[in-house]
Amino acid sequence: MNESISGFLILGFSSLGSFRHHIFIILLLLYFLIITGNVTIALIVWVEPRLHTPMYMFAGTLSFLDICYTAVTIPQMLVIFWIGSVYIAFSGCLLQMYFFHSLGITENYLLTVMAYDRYIAICNPLRYSTIMTSKCCKRLIFVCCLCGFMSPVTKLILITFLPFCGSNEIHHLFCDLSPLLHLACADTFLNVITDFVINSCIIFLTTAFIALTYVKIVFTIIMMKSAEGRRKAFSTCAAHITVVLIFFGSVTFMYVRPQRVYAPEFDQLVTINYTILTPLLNPAVYSLRNKKIKKAIKKYLQLKDTSCSCRAMIGN
């Protein structure tokens with residue numbers, strides 16, 4: 001590693017000029033909605049005993065991951081849109097890249113496990129409670145986290161051996177592998193191929209598993225005699241499919257390619273899609289439309305109102 005470059009200057013959308021302040025306001029509002037929605041889901045699932053079932057535990061974990069996932073990048077993006085650029089040390093850049101990829105891959109695995117959960121619930125409902133126990137659910141979440149945080153280690157180690165010289169300007173919204181490789185002063189073929197192989201294996205295997213799972217689910221739903229049962233089953237699966245399509249579509253486009261073939265500005269727009277849009281839509285699409293979660297939220301809001309009223313009466 002060349003010590004001549006100790007850090008990087010992240011420029012983001014450098015051509016926006018003063019218009020970036022308008023984007024800052026929009027992004028700040030979106031970040032507030034992301035945190036509010038996902039914190040609400042995570043807390044409700046945590047404190048409400050009736051939601052301590054696999055489906056809701058997975059949803060709560062997904063919200064927690066989205067909170068962490070956005071915390072890695074969006075605060076820095078806000079700084080970039082406000083002042084135009086941000087400096088980050090080399091070690092800080094590697095850490096940001098590691099946690100961004102780790103949390104993203106963990107979410108990838110979690111969405112795959114959630115597809116398996118729906119498969120058991122719809123295709124084998126009589127054995128669901130014995131197969132998908134609370135213990136099994138916690139183990140699956142642990143395995144998702146373990147695999148997610150182990151997956152980017154090889155890429156991270158390889159990039160630490162690259163020499164960096166010349167320009168230290170990153171035309172991206174945060175530290176990511178592709179922009180860093182473009183600043184390296186050595187052959188990055190091994191890094192590019194390793195990244196491509198790892199990303200392809202993770203995304204293609206999980207996508208194939210989800211696709212096969214839903215083929216079986218759709219076939220089972222079609223065979224149901226009850227129209228109400230089919231409607232409920234499709235409604236449950238629709239939310240998960242929507243989240244999967246948004247997340248996997250953007251990530252596949254961004255990371256399953258051996259080299260950059262689009263302009264940096266285009267890559268940044270795609271990046272915004274899966275770093276902001278997915279965490280923003282997850283609570284609304286997957287959780288807040290759920291009757292049990294809405295009922296639990298209403299219950300705790302009513303308890304809060306009652307508590308405030310009692311305190312006001314005591315005060316008077």
Side-chain angles (χ1 to χ4, degrees), residues 37-38 41-42 44-46 48 50-66 69 104-145 147-148 202-252 274 278-279 281-296:
N38 285 291
I41 299 303
I44 285 295
V45 172
W46 178 269
E48 178 55 57
R50 285 177 294 183
L51 297 181
H52 291 176
T53 60
M55 176 180 172
Y56 296 107
M57 289 174 69
F58 289 138
T61 304
L62 182 66
S63 290
F64 178 75
L65 284 174
D66 281 335
Y69 185 65
I105 294 171
T106 301
E107 185 164 332
N108 183 312
Y109 289 136
L110 184 65
L111 288 171
T112 306
V113 168
M114 291 166 82
Y116 174 70
D117 174 67
R118 292 299 85 206
Y119 166 77
I120 299 296
I122 294 172
C123 300
N124 205 348
L126 296 179
R127 296 187 59 200
Y128 179 78
S129 58
T130 57
I131 296 174
M132 196 60 69
T133 61
S134 177
K135 188 176 183 180
C136 177
C137 177
K138 291 174 182 178
R139 284 180 177 176
L140 287 172
I141 292 172
F142 173 77
V143 171
C144 287
C145 295
C147 294
I202 292 172
I203 294 174
F204 286 150
L205 288 176
T206 52
T207 302
F209 181 85
I210 292 173
L212 290 173
T213 299
Y214 271 104
V215 167
K216 179 63 176 176
I217 288 174
V218 170
F219 181 76
T220 303
I221 292 174
I222 291 173
M223 296 298 291
M224 289 180 178
K225 296 180 180 179
S226 169
E228 180 66 16
R230 288 196 297 270
R231 188 192 64 79
K232 287 183 178 179
F234 273 122
S235 177
T236 302
C237 295
H240 180 259
I241 291 174
T242 303
V243 172
V244 166
L245 289 176
I246 295 171
F247 181 80
F248 277 78
S250 301
V251 171
T252 300
Y274 66 84
T278 305
L281 293 179
N282 276 352
V285 171
Y286 199 85
S287 300
L288 292 178
R289 292 173 64 248
N290 184 280
K291 290 181 180 180
K292 287 187 178 180
I293 288 182
K294 288 194 291 186
K295 187 176 180 180

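All values reported here derive from a predicted model rather than from experimental measurement.
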Exercise. Looking only at heavy atoms, what is the nearest atom pair of Phe247 and Gly104, with distance?
Worked result: CZ-O, 3.4 Å

For this session: Would you mind reporting whether Met114 and Val243 have side-chain heavy atoms less than 4.5 Å apart?
Result: no

For this session: Determine, step by step, whether Ile131 and Tyr116 satisfy the side-chain contact (heavy atoms from CB on, under 4.5 Å) criterion, reporting the C-alpha distance in whole Å, the side-chain angles of both residues, the deciding distance to 0.1 Å, and the verdict.
Result: CA-CA 11 Å; Ile131 296 174; Tyr116 174 70; 4.0 Å; yes

For this session: Keeping the roles fixed (side chain from Thr206, backbone from Ile203), state whether a donor-acceptor pair exists under 3.5 Å.
Result: yes

Exercise. Do Lys138 and Met57 have side-chain heavy atoms sitting under 4.5 Å apart?
Worked result: yes

For this session: Start with the C-alpha gap between Asn108 and Phe248, add the side-chain angles, then the distance that decides, and say whether side-chain contact (heavy atoms from CB on, under 4.5 Å) holds.
Result: CA-CA 8 Å; Asn108 183 312; Phe248 277 78; 3.5 Å; yes

Problem set entry | Atom pair CZ (Arg50) and CD1 (Ile44), whose distance is rounded to the nearest 0.5 Å | 10.5 Å

Exercise. Are Phe64 and Ile41 side-chain neighbours, meaning at least one heavy-atom pair lies under 4.5 Å?
Worked result: no

For this session: List the steps, then state whether side-chain contact (heavy atoms from CB on, under 4.5 Å) holds for Glu107 with Asp66.
Result: CA-CA 8 Å; Glu107 185 164 332; Asp66 281 335; 2.8 Å; yes

Problem set entry | Rounded distance (nearest 0.5 Å) linking atom CG of Leu65 with atom OG1 of Thr106 | 6.0 Å

Problem set entry | Qualifying ring pair (Phe, Tyr, Trp, His ring centres under 6.0 Å) pairs with a residue from residues 205-233, counting only residues at least two apart or across chains | Tyr214-His240

Exercise. Taking all non-hydrogen atoms of both residues, which atom of Ile217 and which atom of Arg118 are closest, and how far apart?
Worked result: CD1-C, 4.0 Å

Problem set entry | Atom pair CZ (Phe58) and CG (Leu140), whose distance is rounded to the nearest 0.5 Å | 5.0 Å

Problem set entry | Distance-minimising heavy-atom pair for Asp117 and Pro54 | OD1-CB, 3.8 Å

Exercise. Sequence neighbours excluded, which residues qualify as salt bridge (Lys or Arg N to Asp or Glu O under 4.0 Å) partners of Arg231?
Worked result: Glu228

Seminar exercise, completed: Between Ala42 and Ser63, the two heavy atoms sitting closest are N-CB, 4.2 Å

For this session: Could you tell me whether the side chain of Asn38 and the main chain of Pro279 form a donor-acceptor pair under 3.5 Å?
Result: yes

Exercise. Taking atom OH of Tyr56 as the centre, does the number of heavy atoms from other residues, nucleotides or ligands within less than 6.0 Å exceed 12?
Worked result: yes

Exercise. To the nearest 0.5 Å, what is the distance between CD1 (Ile222) and CE (Met224)?
Worked result: 10.5 Å

Exercise. How close do Ala115 and Ile210 get, heavy atom to heavy atom, and via which atoms?
Worked result: CB-CG1, 4.0 Å

Exercise. Just wondering, do Thr220 and Tyr119 contact through their side chains at under 4.5 Å, heavy atoms?
Worked result: no

